[in-house]
Amino acid sequence: MRINFTFRNVPSSDGVKEYAGEKIARLQKYLRAPLDCEVTLSKERHLHMVDVHLHADGRRYDGHDESEDMYASIDLCLDKLDRQVRSAKAAATGRRRQ
């Protein structure tokens, strides 16, 4: 699992990196291949924005969210990615059963 972090207009923080890394690692159980992930954390005025681009199993999953708290933005963005990954997994499992 390879995760690249990019900080824009936000100081780099190990706490945020560890928090996002733990959340992304939870998605690994739904994916067979090792995943590559690019996380961009930025701030504009009072909004904290998170962009996540995840590459695994030959597919690409994208998520974007913004809120007034960085940790809340990470949670919301990774919830979107979780739904995408679970949906793709369910579709692949359904095709195999037929």
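Side-chain atoms are counted along with the backbone in the values below, which use heavy atoms only and exclude waters and symmetry mates.
With sequence neighbours left out, Tyr71 forms a side chain to side chain contact (heavy atoms under 4.5 Å, CB included) with Val16, Tyr19, Asp69. With sequence neighbours left out, Arg26 forms a side chain to side chain contact (heavy atoms under 4.5 Å, CB included) with Lys23. With sequence neighbours excluded, the residues that form a salt bridge (charged side-chain N to carboxylate O under 4.0 Å, His left out) with Asp62 are Arg60.
Here the straight-line distance linking atom CZ of Arg2 with atom SG of Cys37 works out to 9.0 Å at 0.5 Å rounding. Here the straight-line distance linking atom CG of Leu35 with atom OH of Tyr61 works out to 10.0 Å at 0.5 Å rounding. Atom NE2 of His53 and atom CD of Glu38 lie 6.5 Å apart (nearest 0.5 Å). How far CD of Glu66 is from CG of Asp51: 9.0 Å, rounded to the nearest 0.5 Å. Once rounded to the nearest 0.5 Å, the distance linking NZ of Lys43 with CZ of Phe7 reads 13.5 Å. The CE atom of Met49 sits 3.5 Å away from atom CD of Glu44, with the distance rounded to the nearest 0.5 Å.
Ion pairing between a basic and an acidic side chain is recognised when a charged N comes within 4.0 Å of a carboxylate O; Arg83 and Asp79 show no such pairing.
Among the candidates Asp75, Asp65, Leu41, Leu76, the single residue satisfying the side chain to side chain contact (heavy atoms under 4.5 Å, CB included) test with Val50 is Leu41.
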side-chain contact (heavy atoms from CB on, under 4.5 Å) evaluation trace for Asp36 with Leu54: CA-CA 6 Å; Asp36 294 329; Leu54 182 74; over 6 Å; no
In sequence, state the C-alpha distance, the side-chain angles, and the governing distance for Tyr30 and Asp82, and then conclude on side-chain contact (heavy atoms from CB on, under 4.5 Å). CA-CA 9 Å; Tyr30 299 110; Asp82 187 44; 3.8 Å; yes
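Side-chain atoms of Lys29 and Leu27, non-hydrogen and from C-beta on, never get closer than 4.5 Å to each other. Contact of the Val39 side chain with the Ile74 side chain is not registered, since no non-hydrogen atoms from C-beta on lie closer than 4.5 Å. The shortest side-chain heavy-atom distance between Met1 and Gln28 falls under the 4.5 Å cut-off.
In the hydrophobic clustering of ILVMFWY residues, with side-chain heavy atoms under 4.5 Å counting as a link, Leu47 and Val52 come out apart.
Considering every non-hydrogen atom in both Ala20 and Phe5, the closest pair reads CB-CE2, 3.8 Å. Taking both residues in full, the closest heavy atoms of Ala88 and Arg59 are given as CB-NH1, 3.9 Å, listed atom of the first, atom of the second, then distance. The heavy-atom pair separating His48 from Glu68 by the smallest distance is CD2-O, 3.2 Å. Of all heavy-atom pairs spanning Ala56 and Leu31, the tightest one is CB-CD1, 3.7 Å.
With 3.5 Å as the limit, one finds no donor-acceptor pair spanning the side chains of Thr6 and Thr40.
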